[in-house]
Amino acid sequence: MALAKRAEHTVGRVIEAACRWLAYGGGLVLTAMAVMTVVSIVGRMFTGYGLGPVPGDYELVANGCALAVFSFLPLCQLKRGHVTVDILTSHLSKRMQAVLGFVGDCLIAIASVIILRQLWLGFGEKFPYGSDALRDALGMGYKPFYPETTYELQIPVWILYSAALVAAGLFVIVSLYTIWRSLNWVLDGQEGTV
């Protein structure tokens with residue numbers, strides 16, 4: 001007695017593909033940061049020979065880590081990769097385990113919406129474009145007088161926020177999907193495979 005089981009599987013395949021590609025992008029960012037860090041360290045070792053560190057390496061690593069974390073969140077939620085305490089739930093019935101999984105998915109969905117909202121508000125504070133009427137309608141607040149950039153490389157901060165917003169938006173979609181999936185598991189009487 002599941003709710004639109006076939007549709008759930010179809011939607012799940014599309015969402016999983018999107019999550020995987022976003023996670024691949026996050027892995028690519030992490031790999032690029034690792035290579036850049038090695039190049040920067042080697043450059044620091046050979047400053048006497050005309051080499052030097054990569055300019056802005058610290059801010060590239062900080063911003064890249066944030067983007068990578070947001071890139072991995074949707075797939076982590078889809079695969080139920082968040083930390084759980086199974087020692088307490090392993091003695092419960094299969095249906096009760098499914099109910100607790102459903103409650104956990106609901107709590108993650110609430111957290112994902114809060115994260116998306118806060119990122120949207122931060123993006124609105126950094127994004128220097130748009131009319132006051134449009135910004136007001138979208139809840140972005142006042143336009144900043146000076147667009148904020150990173151210290152050394154002068155990367156506009158709103159670009160970083162917008163990249164994180166895309167990943168956070170997918171995180172919300174995945175969280176809502178996992179509520180649907182876990183509700184079907186509750187109705188089936190046990191959790192399915194991920």
Tell me, with the steps shown, if Asp105 and Arg181 meet salt bridge (charged side-chain N to carboxylate O under 4.0 Å, His left out). CA-CA 9 Å; Asp105 286 339; Arg181 182 181 68 186; 5.1 Å; no
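When all heavy atoms of Ala4 and Trp180 are compared, the pair lying nearest together is O-CZ2, 3.5 Å. A pairwise comparison of heavy atoms in Leu78 and Cys19 identifies CD2-SG, 4.4 Å as the closest pair. When all heavy atoms of Phe70 and Ala167 are compared, the closest pair comes out as O-CB, 3.2 Å. For Leu67 against Ala164, the heavy-atom pair with the smallest separation is CD2-N, 3.8 Å. The nearest pair of heavy atoms linking Gly64 to Val29 is O-CG1, 3.6 Å. Taking every heavy atom of both residues into account, Tyr142 and Arg135 meet most closely at O-NH2, 3.2 Å.
A perpendicular orientation is assigned to the rings of Tyr129 and Phe127, their planes being inclined by more than 60° (bins at 30° and 60°).
By the neighbour-count criterion of 12 heavy atoms within 6.0 Å, atom CG of Leu88 is densely surrounded, having more than that number from other residues, nucleotides or ligands.
When each of Arg80, Gln97, Arg95, Lys94 is tested with Glu191 by the rule side-chain hydrogen bond (donor to acceptor under 3.5 Å, both in side chains), just one qualifies, namely Arg80.
For the pair Leu92/Val99, no side-chain contact is recorded, criterion being any heavy-atom separation below 4.5 Å from C-beta on. Residues Cys65 and Val61 meet the side-chain proximity criterion, which asks for heavy atoms closer than 4.5 Å. Residues Thr149 and Ile155 form no side-chain contact, since every pair of their non-hydrogen atoms from C-beta on lies 4.5 Å or further apart. Put simply, the side chain of Pro74 reaches to within 4.5 Å of the side chain of Leu22, judged on heavy atoms.
Aromatic rings from Trp158 and Tyr161 are positioned such that their centres are separated by 6.0 Å or more.
Not one N or O on the side chain of Lys143 forms a donor-acceptor pair closer than 3.5 Å with the backbone of Asp132.
Val42 is connected to Tyr49 through a chain of hydrophobic side-chain contacts under 4.5 Å among Ile, Leu, Val, Met, Phe, Trp and Tyr, so both are in one cluster.
Gln77 CD to Ile173 CD1: the interatomic distance, rounded to the nearest 0.5 Å, is 13.0 Å. Distance check: Leu100 CG to Ser182 OG gives 11.0 Å after rounding to the nearest 0.5 Å. Note that the CG atom of Leu183 and the CD1 atom of Ile179 stand 9.5 Å from one another [nearest 0.5 Å]. Considering CD of Glu8 and CH2 of Trp185, their distance stands at 8.0 Å, rounded to 0.5 Å. Atom CG of Leu160 sits about 11.0 Å away from atom CZ of Phe123, to the nearest 0.5 Å. Taken to the nearest 0.5 Å, the OH atom of Tyr58 stands 9.5 Å off from the OG1 atom of Thr37.
Pairs passing the ring-ring contact (aromatic ring centres under 6.0 Å, His included) check and including a residue from residues 73-100, sequence neighbours excluded, do not occur.
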